[in-house]
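Just below is one structure, and these are the notes that go with it.
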Amino acid sequence: MPELPEVETVVRSISTLLINSKIESAWTSGLPLHMQKVVDADALNSRVVGASVKQVRRRGKYILLDLVRGKTFSVVLIHLGMSGKLMLSRSSEARLPHTHVVLGLKGDCELRFVDPRRFGQFKVAASQAELKEIADMGPEPLDDLSLETFALSLSKSKAPIKAFLLDQRRIAGLGNIYVSEALFEARVHPSKPALKVKRQAPALLESVKLVLRKGIENRGTTLRDYVDGKGVAGNNKHALRVYGREGESCTRCESTIRRSVDAGRSTFYCPVCQKRL
DNA sequence: AAAACACCCTGCCTGC
DNA sequence: TGCAGGCAGGGTGTTT
């Protein structure tokens, strides 16, 4: 569900309250999350309870909490999967169904991880170096991705440009929505091989940054149930020009927006604006 | 090596 | 109205 702009919005919405606050208790549902792994209750007790939050960060679509307890440093890795939510709530508020982790903070406040489909992840580690999930992740498009790096990476892949952009090892943080939007902005056909995107590489990189920045500015895209850490929905749905608009007319040329399915995922594009060659 | 596919799980929507 | 089937914004592991 959440892609880079949604995860960034969640991070921003919870970081002010979380930073420098102490975690006083921890609870887990015990149900398996991503890849049948349960949240490690021992690690929660030995590393998280009693620790203070030093920083709240994002890497790709992952949320990272840097913790310190005495001289012990830890990192909590959270992925929202398709249906995950990370929210600050009053302890007195009823827990939503499918709540899987609750971290109790000072002052009647809790950080809750809720995930109906359980495609998300919640993992405690001693350091970032232990986290293989982000070890070979590609560059952050809004921070450290130059045109030179991007163009070189493109030239080495025969994959369709859509698959290329979704591959977190090549570029971090993009998902199905923002890939469709970026390809439309840059007028690149989704199935064009990455290595043939040369002349359009500068426009594509700019489009990737544009749609992500706009997504963040609008505080994320809410299609059905995405909300930030304070329960607020995003406004970016109105900014989408192709995603979810099959059969509607292109905002640029008035042709009919099409949907195609590859690898089980929908891609939306304008057949006229986005030429294969 | 890389692409295609199955799979994890629940909820919601559609159509019969 | 009820129920089966399809579909969903992600990532991983296996197979070709």
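Order of the sequence lines sets the chain letters (A, B, ...), proteins ahead of strands, with each chain counted from 1.
- Within 4.0 Å (heavy atoms only), Y243(A) reaches sugar-phosphate atoms of the nucleic acid but no base atom.
- Distance noted for atom P between dT1(C) and dG11(B): 22 Å (whole Å).
- In this structure, F73(A) shares a hydrophobic cluster with V68(A), the cluster being traced through Ile, Leu, Val, Met, Phe, Trp and Tyr side chains under 4.5 angstrom apart.
- Per the geometry, CD belonging to E246(A) stands 14 Å off C1' belonging to dA8(C), to the nearest Å.
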### Query
Tell me, what's DNA chain C's dot-bracket, Watson-Crick or G-U with both distances under 3.5 Å, | for other-strand, [ ] crossing?
.|||||||.|||||||
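- The salt bridge (Lys or Arg N to Asp or Glu O under 4.0 Å) contacts involving residues 183-205 of chain A comprise E185(A)-R241(A), where partners must be two or more places apart or lie in separate chains.
- The distance between atom CG of L80(A) and atom C1' of dA8(C), rounded to the nearest whole Å, is 16 Å.
- Of all the heavy atoms in H189(A) and I161(A), the pair that sits closest is O-CG2, 3.3 Å.
- Both the sub-6.0 Å distance and the 45° axial angle are satisfied by R95(A) relative to the ring of W27(A).
- Residues from residues 117-137 of chain A placing a heavy atom under 4.0 Å of any atom in DNA chain C, listed by number, are R117(A), F119(A).
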### Message
H79(A) vs Y62(A), test: ring pair (Phe, Tyr, Trp, His ring centres under 6.0 Å). Steps then yes/no.
### Response
CA-CA 5 Å; H79(A) 197 289; Y62(A) 288 90; 4.7 Å; yes
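- As judged by a 4.0 angstrom heavy-atom cut-off over every strand, R170(A) is placed among residues making no nucleic acid contact.
- Distance, R59(A) CZ to dG11(C) C1': 16 Å, rounded to whole Å.
- Residues from residues 151-167 of chain A that place a heavy atom under 4.0 Å from any atom of DNA chain B, listed by number: K158(A), A159(A).
- Rounded to whole Å, the distance from NE2 on H100(A) to P on dC9(B) is 11 Å.
- As a whole-Å value, the separation of L223(A) CG from dA8(C) P is 11 Å.
- Between S266(A) and dA8(C) there is a side-chain N or O to OP1 or OP2 distance below 4.0 Å.
- The distance between atom CG of L195(A) and atom P of dA2(B), rounded to the nearest whole Å, is 11 Å.
- At the phosphate of dT10(B), neither OP1 nor OP2 sits under 4.0 Å from any side-chain N or O atom of H98(A).
- Geometric assessment of R252(A) against the ring of F184(A) yields a positive cation-pi assignment under the 6.0 Å and 45° thresholds.
- For residues 27-39 of chain A, proximity to DNA chain C is found at H34(A), M35(A), defined as any non-hydrogen atom under 4.0 angstrom from a strand atom.
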